[in-house]
Amino acid sequence: QVQLVESGGGLVQAGGSLRLSCAASGRAFSTYAMGWFRQAPGKAREIVAAISRSGGSTYYADSVKGRFTISRDNAKNTVYLQMNSLKPEDTAVYYCTARREFLSLATRGGDYWGQGTQVTVSS
């Protein structure tokens with residue numbers, strides 16, 4: 001029911017910033033909690049951030065707290081990930097995901113996934 005398309009990835013230097021966007025198609029975007037996961041080569045996919053359907057609750061992985069901010073604009077059917085103070089260890093493919101329930105998304109992952117966007121942070 002939900003199609004997700006990420007954009008905004010690219011190559012940046014350490015300390016730089018990048019904003020990822022995830023555009024969702026579907027009539028029920030506002031009923032879904034949204035999140036971002038990432039996967040680096042040779043590593044498991046891991047939660048980065050999640051946001052409830054209203055935006056009232058957020059979750060961040062310890063590794064990105066204070067540097068990344070997740071937000072959403074339900075009028076635009078879009079969720080964002082603002083990434084500041086980027087580090088080489090942030091290099092990964094970033095995936096947008098959607099799930100009805102916020103806590104389940106944050107702890108277990110989403111039901112719908114985008115194709116991913118590559119983020120590369122150089123030293």
Side-chain angles (χ1 to χ4, degrees):
Q1 290 183 340
V2 179
Q3 296 182 12
L4 307 172
V5 180
E6 303 96 333
S7 62
L11 174 64
V12 298
Q13 293 186 348
S17 298
L18 203 62
R19 188 178 76 160
L20 305 184
S21 298
C22 174
S25 63
R27 300 184 64 182
F29 176 76
S30 64
T31 70
Y32 287 88
M34 303 294 297
W36 291 92
F37 281 66
R38 67 186 182 187
Q39 187 168 25
K43 296 186 177 181
R45 190 171 297 188
E46 63 179 358
I47 181 72
V48 176
I51 188 167
S52 62
R53 66 179 185 271
S54 67
S57 298
T58 57
Y59 168 85
Y60 296 96
D62 288 342
S63 59
V64 307
K65 286 181 180 177
R67 299 189 298 120
F68 291 10
T69 302
I70 189 170
S71 62
R72 66 190 296 161
D73 186 339
N74 287 348
K76 296 182 178 180
N77 279 19
T78 303
V79 62
Y80 305 95
L81 185 68
Q82 178 66 47
M83 304 184 293
N84 298 325
S85 301
L86 283 163
K87 304 175 180 179
E89 51 262 44
D90 295 318
T91 296
V93 177
Y94 284 70
Y95 298 91
C96 179
T97 188
R99 191 172 183 139
R100 292 285 189 182
E101 206 279 310
F102 170 69
L103 289 178
S104 295
L105 183 150
T107 59
R108 302 180 183 181
D111 293 318
Y112 303 95
W113 297 86
Q115 83 289 346
T117 185
Q118 177 71 49
V119 172
T120 302
V121 185
S122 63
S123 300

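Of the listed residues (Val119, Val64, Thr69, Val48), just one forms a side-chain contact (heavy atoms from CB on, under 4.5 Å) with Leu81, and that residue is Val48.
For the pair Asn84 and Ser17, the tightest heavy-atom approach, listed with the atom from each and the gap, is OD1-OG, 2.9 Å. In terms of heavy atoms, Gln118 sits closest to Ala92 at NE2-O, 3.4 Å. The shortest heavy-atom contact between Arg72 and Asn74 is NE-OD1, 2.7 Å. Val2 and Ala24 get closest at one heavy-atom pair: CG1-CB, 4.4 Å. Contact detail for Gly110 and Thr97: the closest heavy-atom pair is CA-OG1, 3.0 Å.
Between Asp62 and Lys65 there is a salt bridge, since at least one side-chain N of the basic residue sits less than 4.0 Å from a carboxylate O of the acidic one.
Geometrically, Arg100 engages Tyr32 in a cation-pi contact defined by less than 6.0 Å to the ring centre and at most 45° from the axis. A cation-pi arrangement is not found for Arg67 relative to Tyr60, the charged atom failing to lie both closer than 6.0 Å to the ring centre and inside a 45° cone about the ring normal.
Sorted by first and then second residue, the pairs that involve residues 106-116 and meet side chain to side chain donor-acceptor pair (under 3.5 Å), not counting sequence neighbours, are Glu6-Gln115.
To the nearest 0.5 Å, atoms CG (Leu105) and CH2 (Trp36) are separated by 12.5 Å. Between Phe29 atom CZ and Thr78 atom OG1 the span is 6.5 Å, to the nearest 0.5 Å. Here the CG-OG distance, from Asp73 to Ser30, works out to 11.5 Å after rounding to the nearest 0.5 Å.
A distance-only check finds no donor-acceptor pair linking the side chain of Asp90 to the backbone of Ala14 [under 3.5 Å]. The backbone N or O of Val121 lies less than 3.5 Å from a partner atom in the side chain of Thr91, making a donor-acceptor pair. A distance-only check finds a donor-acceptor pair linking the side chain of Thr31 to the backbone of Ala28 [under 3.5 Å].
Gln13 is listed as a side-chain neighbour of Ser122, based on a closest heavy-atom distance under 4.5 Å. Two residues are said to be in side-chain contact when any heavy atoms from C-beta on lie closer than 4.5 Å; Leu20 and Tyr95 fail this criterion.
Other residues sharing a hydrophobic cluster with Tyr80 under the 4.5 Å side-chain heavy-atom criterion for ILVMFWY residues do not exist; the residue is a singleton.
With a 6.0 Å radius and a threshold of 12 heavy atoms from other residues, nucleotides or ligands, Glu89 has its CD atom above the threshold. Within 6.0 Å of CZ in Arg99 there are more than 12 heavy atoms belonging to other residues, nucleotides or ligands.
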